Amino acid sequence: MTFSDLPAGLANALAERGYEAPTPVQAAVLDPDLRERDLIVSAQTGSGKTVAFGLAFSAQILGSDGQVQSTGKPGALVIAPTRELALQVSRELTWLYQNSKARVVSCVGGMNPSQERRELKSGATIVVGTPGRLRDHLERGTLDLSELAAVVLDEADEMLDMGFREELEEILDAAPETRRTLLFSATMPRPMEALARRYQRDALRIATGGGERGHNDIAYQAVTVAPSEIENAVINLLRFHEADTAILFCATRENVRHLHATLQERGFSAVALSGEHSQSERNQALQALRDRRASVCVATDVAARGLDLPNLSLVIHVEIPRDAETLQHRSGRTGRAGKKGTAVIVVPFPRRRRVESMLRNARINAEWIDAPDREAILAMDRERLLKTLLMPVEVDETDRKLAERLLNERTPQELAAMLIQAHRAKMPEPEELLINSPEAQAAARKERQRPGFDDVVWFRMDIGRQQKADPRWLLPLLCRRGHISRNQIGAIRIGPRVTHFQIPRAAADKFADALGRTAGDENGGDVHIELSPDAPQDSTRPSRNNGPSAGRKKGASYAKKPHKDRPANSPERNGVPGKKPKPRKPKKRPV
Ligand code: ADP
Ligand code: MG
């Protein structure tokens, strides 16, 4: 199958765009025997899945003359997990179908709904949207799916993961049973099968590219750092690679905001992309990257899926991804359409094991290296400067005269030095890193095996990430409540609503005793702290036994009083001590 076998409208659009031949996934779905089949397609990131599904449903929406025979009601629907991705897919399908009389309408959260309603009313062939907004239009009766012939779930696994099952089911239930259903993603984990069984008929699985050995165009590197040096390492990585476009992934919106501010301060042209920005800010951020007004994007995982930014050659996992799939999708923002790219995972020493196992799961071979240091960066700068300054120049008359005047006043060496300095002044300063010196490694090892912490007891308190738990205010609170010093507090694990921490067994009785006495005190007495029956779940150190009984008998409730160190939105108690919270329905992830 080649593009020239396609209806003329599509073939022309592809030729105008400069696409010569189908990618493997495009060739696979274009097999004439599969025209009517439901498909589950997994093909690696950047392999052209958008055009693949765009072409796949052409059989459903084009007449025998290769043009849309418009009925006004949508014939194809594409659902994507994020707003940016839906908008991107909509743009891609718009050019693909520009010569085929198809109307592409997008229905995307954060965009203007009344405009979308108007466009839907005046007739759409292909609708592209995010689950929530599509459902809104469906419920208001502005989206009529009664003649839908094909539906595509792009990044299908992510949509389930984000908790969009209800929306998806409502939308799919509104479409005729005879429609085709196509699921696409680079990763297709197990839970997809239930959805596939329910909403597809006799679906065929297609898997192309990548295969057993990960992505051929992405070079993976893992860079170990001391936890306190993450930001400096990121700065040096950016400076070393000097990518046209780089994307940096953080775990939370707050961390995006913080790192973005730091980078801007340091002179990088950076934009931020997370759920905390308005849609127009988000669109502008991406546009700035496309126009090269910005070269660095700091993002949450909202940008992990599907986005296709030209010239993006560097991905940095500033905070390690939550699973092997996210690792692949984030990294897949580079190495697209046959271009090469680098994905760097910044690994704080204590997380090394976790990253190793994640890489194994994803069958990725990463090169473990040190973060580039100042010398390495300056050496790269010199190379790049020479290359830039030795490029051919066009000199017009005015410039030539100016140059001659300068040469009368200064030596060529002086002028060249000034030129170099001027270039260098535009570059942010690299950081001095202590991170990988033997001393730092030894310090990190020592940190992990602090004396007195080989036999510990875990305690827990009813404050977690939701209450903005942070060691900076937790430590003083614990010292005050338990009459101990900071040095006597070992590992702290902050969970969503509970924080676990270690106290050396030798000090545990005294600590528990003081807790009882300080309950109800002015500062922090309202925080419920008790001996923990278990070590926290992600703890590598199992608790050995239940330790002294003193902590337990004081486990009842303490008087509630406002506490100045705690944020105003402090929550209610975290249920009965020791009782596991009920598993909840997956909540939509805020990203
Ligand atoms: P995926 O969804 O598989 O991650 P995309 O559909 O976003 O990948 O495509 C990745 C890039 O490849 C895009 O920039 C797209 O324009 C380009 N591309 C797609 N198909 C072709 C083709 N046949 N020839 C050349 N480039 C292509
Ligand atoms: Mg895609």
Side-chain angles (χ1 to χ4, degrees), residues 1-6 10-30 39-58 78-98 104 106 126 128-130 152-159 161-162 182-188 206-211 214-218 244-245 247 286 289-290 301-313 315 325-341 343:
M1 181 84 192
T2 66
F3 285 152
S4 49
D5 301 331
L6 290 166
L10 293 175
N12 293 341
L14 287 159
E16 282 165 34
R17 190 82 175 181
Y19 294 4
E20 286 161 7
T23 63
V25 65
Q26 291 161 4
V29 302
L30 282 174
L39 304 172
I40 306 181
V41 184
S42 50
Q44 70 183 22
T45 50
S47 61
K49 293 189 286 296
T50 320
V51 167
F53 59 67
L55 295 176
F57 61 58
S58 63
V78 182
I79 317 176
T82 65
R83 299 161 171 193
E84 286 73 20
L85 179 57
L87 292 170
Q88 176 184 303
V89 168
S90 156
R91 282 195 300 271
E92 190 101 340
L93 296 179
T94 302
W95 70 252
L96 184 61
Y97 277 93
Q98 63 188 342
V104 182
S106 60
I126 303 170
V128 186
T130 45
V152 176
L153 272 58
D154 193 14
E155 309 288 350
D157 56 324
E158 172 73 351
M159 290 199 283
D161 216 31
M162 285 173 82
L182 309 172
L183 310 185
F184 278 76
S185 179
T187 46
M188 278 291 178
I206 296 180
T208 61
H215 200 300
N216 285 333
D217 293 323
I218 304 175
D244 279 345
T245 309
I247 190 161
L286 283 179
L289 294 166
R290 294 203 168 94
D301 285 332
V302 76
R305 292 267 181 160
L307 293 191
D308 188 58
L309 287 162
N311 307 308
L312 194 153
S313 56
V315 174
E325 280 84 28
T326 311
L327 170 69
Q328 291 169 72
H329 287 282
R330 283 174 168 190
S331 305
R333 294 319 97 221
T334 189
R336 302 176 69 74
K339 288 193 198 153
K340 300 281 177 200

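Since this is a predicted model, take the numbers as computed values, not measurements. For this chain, numbers begin at 1 and follow the sequence in order. In listed order, ligands and their atoms are each counted from 1.
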Q: Quick one: pull up NZ in Lys49 and CD in Gln44 and give me the separation to the nearest 0.5 Å.
A: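 Atom-to-atom, Lys49:NZ and Gln44:CD are 8.0 Å apart.
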Q | Heavy-atom pair with the smallest gap, counting every atom of Thr23 and Ser47 | A |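 Result for this residue pair: OG1-O, 2.8 Å.
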Q. Under 4.5 Å between any side-chain heavy atoms of Gln88 and Asp308, yes or no?
A.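 Yes, at least one pair of side-chain atoms sits under 4.5 Å.
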Q | Shell of residues surrounding ligand 1, defined by a 4.0 angstrom heavy-atom cut-off that is strict | A |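 Heavy-atom contacts below 4.0 Å: Phe3, Tyr19, Ala21, Thr23, Gln26, Gln44, Thr45, Gly46, Ser47, Gly48, Lys49, Thr50, Glu92, Asp308, Arg336, Ala337.
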With sequence neighbours left out, write down each residue that passes side-chain hydrogen bond (donor to acceptor under 3.5 Å, both in side chains) with [X], or none if nothing qualifies.
X	value
Thr187	Asp157, His329
Glu84	Gln279, Arg282
Lys339	none

